[in-house]
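Shown next, in structure tokens, is the structure this report addresses.
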Amino acid sequence: MIDWLAANAPLLRNISVLALLGYSVQLALRAGVFSFATVGFYAIGGYVTANLLKAGWNWVAVMALVIVVGFVFALVISPVLNRLRHLFLAMATLAFTLFIQSLALSWATFTGGAQGMFGVRRVLPQGAMIAIVVVVVLIVWLTQRGVLGRATSALRHDELLAASLGVNVSRQQTMAFAASSGVGALAGFVQVSTTGVFGPDDISFSTVVTSLTVLVVGGAIIWAGPLVGAILVGTLPLYLVKAGNLSLIIQAVVVLAIVVYQPEGLVGIVKYLFSIIRKPFRKKPRETTAGAPAS
Amino acid sequence: MSLLVLDDVKVHYGGVRAVDGVSFSVEPGQLCGMVGPNGSGKTTTINAITRTAKLTSGRITFDGTDIANVPPFKLRRIGLVRTFQGIRLIPDLTVRDNIRLAAEQHGHKRRKSRAGAVTPDAFSEALIERFGLSDVKNERPGALPYGTQRRVEIVRALSTSPKLLLLDEPVAGMNHAERADIANVLKELHAEGLSMLIIEHDLRMLLNLSDHLVVLNFGKLLAEGEPHATASLPDVQRAYLGGSIERD
């Protein structure tokens with residue numbers, strides 16, 4: 001097992017970062033906030049980590065600080081985002097990510113400019129990296145259950161209804177966005193502290209697309225979705241190496257097929273299969289009233 | 001003291017006067033019916049009360065509190081809860097979770113409630129049992145008949161222990177059996193002293209249930225008072241049975 005983990009370290013690192021990016025997007029999306037800001041916070045987390053590790057900080061302190069920075073930064077910009085909805089909100093968060101990308105290129109003393117940061121200490125043990133992902137998955141799983149889970153479901157489906165039932169829409173969405181940003185920054189920490197490098201290529205638009213792909217492929221709303229999506233998106237290219245130039249086309253076809261035929265993602269397929277198996281054993285509800293609406 | 005008071009309430013959208021100077025009140029324990037032709041401003045009035053429509057002018061007080069500065073999500077806390085014209089249940093959640101969602105927002109450390117339960121879970125279960133939803137409590141709303149979905153909506157609103165329940169066309173689109181079913185639920189709640197303001201096109205049902213009737217037309221208050229007497233007024237008959245009434 002240990003040998004396998006050591007031999008597949010790059011793959012596991014890639015899957016871990018992809019999963020964290022996916023969870024970052026999902027945390028906001030589940031509360032009805034369609035945010036592209038994940039990669040912006042990924043960049044903030046990455047560059048802050050690189051600078052602090054170079055300055056000799058302990059990685060645990062760096063990790064804690066990076067999460068707090070992402071969280072607080074999100075709280076600072078959330079009053080503006082709270083005024084926006086749907087497409088306008090998505091565009092505003094995309095603009096934020098593009099702004100951070102531009103800043104990364106121009107603020108060379110902090111980011112290394114176009115060359116990026118390199119030679120950073122690779123301090124994060126593999127076990128700790130896996131533990132970070134497990135903890136995030138557990139937190140997401142817990143927040144999808146109980147009081148918070150039901151309230152976020154209401155928020156996602158119907159803000160007006162949620163408010164009428166007493167859900168503080170603005171506060172819940174702000175906290176979801178802040179948590180999403182904290183996890184996005186954490187992904188940046190994991191990337192830098194395991195590879196030792198971070199630059200503009202890591203925060204390009206393709207990273208935005210990849211983080212969304214992870215979510216769509218795995219399952220946008222279900223807690224296991226980003227993890228399953230990260231495993232597929234992370235490993236698929238390895239199995240398609242022999243396909244050469246066709247590999248990107250095959251990946252695109254796989255993603256397209258899932259989006260069209262299974263919008264709930266791969267986890268949705270598993271849920272569907274389970275529901276078929278359980279169907280014969282379920283008690284049928286008694287109809288208390290009959291008929292459909294007349295209009 | 002009246003529970004709900006609307007004082008010269010106006011909601012204008014540009015040149016459209018959706019609600020234009022409406023004043024009436026709902027007393028504690030009263031079941032107040034609100035009728036009027038399509039476009040007469042009934043739903044906009046409820047939207048104004050629940051702060052989803054912005055007041056152009058006027059004042060609305062609930063239980064002595066001016067609601068102008070109360071955020072919509074805090075209205076539930078002061079005891080004002082509504083249902084919507086179209087069914088709005090959360091499709092991801094089971095019937096039980098839809099109801100628990102509302103009960104939970106009411107707070108975990110609930111004092112002894114009407115159902116005699118303490119926690120939101122127990123309170124929800126008691127309501128589910130009482131309103132005959134036990135057999136479907138683990139179902140998703142989409143799998144249920146229309147009338148049952150409406151019943152779930154009403155029970156969900158009740159799980160917040162409201163002082164005033166605003167119902168926007170609770171029997172719209174239902175067949176006769178479903179209407180009778182919901183009417184019985186409303187009658188039962190009224191008998192227990194719950195205050196309600198109900199918008200409904202089914203005038204016969206409102207005449208049977210309500211003890212006060214408000215009639216709107218073209219955004220204005222056309223008449224109000226004892227239900228049968230109000231419904232018999234010539235202006236109300238003309239407005240409601242298709243006659244035309246000139247706008248002021």
Side-chain angles (χ1 to χ4, degrees), chain A residues 26 29-32 82 85 143-175 219-223 225 263-264 267-268 271-272 275 278-279 281-295, chain B residues 50-52 71-77 80-84 87-93 95 97-98 100-108 120 131-139 143-151 153 156-157 159-160 166 172-182:
Chain A
Q26 191 191 51
L29 189 65
R30 282 184 49 237
N82 264 338
R85 290 287 180 275
T143 57
Q144 290 204 5
R145 302 162 66 82
V147 181
L148 193 57
R150 286 185 278 277
T152 45
S153 270
L155 272 178
R156 185 172 67 254
H157 285 287
D158 195 337
E159 284 180 22
L160 185 61
L161 169 71
S164 78
L165 295 175
V167 178
N168 187 338
V169 174
S170 169
R171 191 179 68 187
Q172 292 250 26
Q173 288 188 330
T174 298
M175 294 314 288
I221 303 303
I222 306 164
W223 66 271
E264 284 190 38
V267 179
K271 275 184 74 180
Y272 175 69
S275 72
R278 286 170 54 194
K279 206 171 182 179
F281 305 104
R282 292 182 73 182
K283 198 172 81 172
K284 280 188 179 175
R286 189 179 65 205
E287 291 203 358
T288 50
T289 48
S295 58
Chain B
T50 53
R51 300 214 53 228
T52 51
F73 77 91
K74 282 192 177 167
L75 289 173
R76 194 267 317 141
R77 231 176 269 177
L80 190 58
V81 173
R82 71 173 294 181
T83 65
F84 295 86
I87 289 178
R88 291 173 105 145
L89 294 167
I90 310 298
D92 281 0
L93 303 180
V95 165
D97 282 349
N98 264 281
R100 278 165 81 186
L101 160 70
E104 284 157 354
Q105 302 307 315
H106 192 63
H108 283 288
F131 289 98
L133 294 170
S134 298
D135 285 349
V136 295
K137 68 180 180 183
N138 293 320
E139 297 294 323
L144 302 176
Y146 186 76
T148 310
Q149 290 185 37
R150 273 286 184 204
R151 183 184 275 257
E153 256 201 335
R156 183 177 62 188
S159 72
T160 65
L166 308 172
M174 289 187 184
N175 60 34
H176 183 72
E178 289 170 333
R179 280 167 187 259
D181 185 40
I182 296 294

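Basis for what follows: all heavy atoms, side chains included, without hydrogens, waters or symmetry-related copies.
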For the atom pair [atom1] ([X]) and [atom2] ([Y]), what is the distance rounded to the nearest 0.5 Å?
| X | Y | atom1 | atom2 | result |
| --- | --- | --- | --- | --- |
| A/Leu161 | B/Leu101 | CG | CG | 7.5 Å |
| B/Arg76 | A/Leu165 | CZ | CG | 8.5 Å |
| B/Gln105 | A/Asn168 | CD | CG | 9.5 Å |
| A/Ser164 | B/Phe73 | OG | CZ | 13.0 Å |
| B/Ile90 | A/His157 | CD1 | NE2 | 6.5 Å |
| A/Gln144 | B/Asp92 | CD | CG | 10.0 Å |

Those residues at least two apart in sequence (or on a different chain) that pass side chain to side chain donor-acceptor pair (under 3.5 Å) with B/Arg51 are none
Honestly, the part of B/Leu93 sitting under 4.5 Å from a heavy atom of chain A is side chain
Turns out that what part of B/Thr52 lies under 4.5 Å from chain A's heavy atoms comes down to side chain
Hey, is CZ on A/Arg171 packed in by over 12 heavy atoms from elsewhere, all under 6.0 Å?
-> no
Looking only at B/Arg150, B/Arg156, B/Lys137, B/Lys74, most heavy-atom pairs under 4.5 Å shared with chain A are made by B/Arg156
Sequence neighbours excluded, the answer for side-chain contact (heavy atoms from CB on, under 4.5 Å) partners of A/Leu29 is A/Phe34, A/Leu215, A/Ala220, A/Ile221
